[in-house]
Structure formats: structure tokens, C-alpha cells
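The next block holds one structure in the form of C-alpha cells; read it before the comments.
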Amino acid sequence: MEPITLTTERLLLRPFGPQDTHRVHAACQDPDIQRWTVVPSPYRLTDAELFTTKLSPAGWQDDSAYGFALTLRETGALVGALGIDRRSLPGTYEVGYWSAKEHRGRGYVTEAVLGSARWAFSVLGADRLEWRAETGNVASRAVALRAGFRLEGEQRSGLLNKGVRRDAWTAALLPSDLGLAGAHPYVPERRAPRPGGSPDPGR
């Protein structure tokens, strides 16, 4: 796919390029980004260069991953990063993100997640957008919940981070959650009746 730029109220979501190398490197010196995401630790300038000039562009070229630099429309400042990756199941994608420390608490990443989700549902034909983070990453979970993701549980050994497998929280967003039509009809399964045949009062 040809790289594209998305626009939200305050942000431009654009492809990464060589001009972002030093800013990505600076942002990823944050211990929280190195702890909770799969970026290398320590994070060297060569890691940032590899990401901005090769890995991110390659994802667009082979339609496996779509990486966006989250920048302010007014100033061009880099406030974070977001990627949507194609999963093995048809119509299923996964979103991941990080926020630069000095720009947290302003809702930028939530805004970007919603903007990219609408694009994934309408352009990529996604029927399901998944979020996954290491158990305990409450900041990432808060963003997902604000964007409308529904928590679905915990996966044992669900995430590999720097050679260590860890438990992961999982959640998903569907087109219908944003008032959009999916590529395929979705019929949610009804809960089974309680023992004795009485219906579940929660439905």
C-alpha cells in the first residue's frame, strides 16, 4: 500500500521518515517506553534509524504493518507513534502505540487510535481491531478503554518482550462500536441459559 496521512482534530498521522530519526531516538530514551513496549533497550540512534528508514517503510510496502508518526498539526511536534499490524486471521488487525513523555495526559494517543481505527475499518476492511499489552500497563489500557475497546481477558504468556514471555491483557474494538458497518455481518453469540433453564438476567 502507498503510505498515507490521516488527519484528526489536532494531529497528523503520517508515515515515518528519516527526518524523524533523532526525535524517535530522544522519545525512546524514556524508561517507561523501554519497559512496556518491545523497542530495544538500551535504545540507540541506530535502532531509531533502522525503524524510521527501513522497518516502518517496509511494513507499508508489503502490507503487513502501517506505522504512523503522531504529530501536532500546529507545530509538527512528534507526540507519539502508532502502528496497525495485520494478523493471521482474516479481517483482524492489532494496534500498538507509545506516547512521548512530555505530551502525555492530553488525549493525543486516544485521538490517534480512534482516527486510525476508522481508517482500518473503512479502508483496510478490518472487522476486528485488537489491543494487547503486558499485564500491569495501566496507561496503555486506559487509552484503549477511552477509545472504546472492550476488555476480553488475560492471556498467559501472551507477549514476548525482549526475550521474556509475559502475561498480557487483551481487548478489541469492532466497527459497530464506532457506528460503522463491518466488511462482514456480525452476530454476537447469546449467553447460555443458567442451570435450570432460566435466562441470564444480564442480557
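We're numbering straight along the sequence, starting at 1.
When side chains are defined from C-beta on, Leu11 counts as touching Tyr108, because their heavy atoms get closer than 4.5 Å. For the pair Arg14 and Asp20, the minimum side-chain heavy-atom distance is below 4.5 Å. Side-chain contact between Asp177 and Phe149: absent, with no pair of heavy atoms (C-beta onward) separated by less than 4.5 Å. Side-chain contact between Val113 and Arg146: absent, with no pair of heavy atoms (C-beta onward) separated by less than 4.5 Å. Put simply, the side chain of Val79 does not reach to within 4.5 Å of the side chain of Arg10, judged on heavy atoms. Side-chain contact between Leu129 and Phe121 is present, with at least one heavy-atom pair separated by less than 4.5 Å. In this structure, the side chains of Gln34 and Gln29 come closer than 4.5 Å at one or more pairs of heavy atoms. Taking the side chain as every heavy atom from C-beta outward, Ser140 and Trp169 never approach each other to under 4.5 Å.
Aromatic rings of Trp119 and Phe68 (six-membered ring for Trp) have centroids within the 6.0 Å cut-off, being under it.
Using a 4.0 Å cut-off between charged side-chain N and carboxylate O, Arg128 and Glu130 make a salt bridge. A salt bridge does not link Arg73 to Glu111: none of the charged nitrogens lies less than 4.0 Å from a carboxylate oxygen.
Aromatic ring pairs are classed by plane angle as parallel below 30°, tilted from 30° to 60° and perpendicular above 60°; the pair Tyr93 and Tyr66 is tilted.
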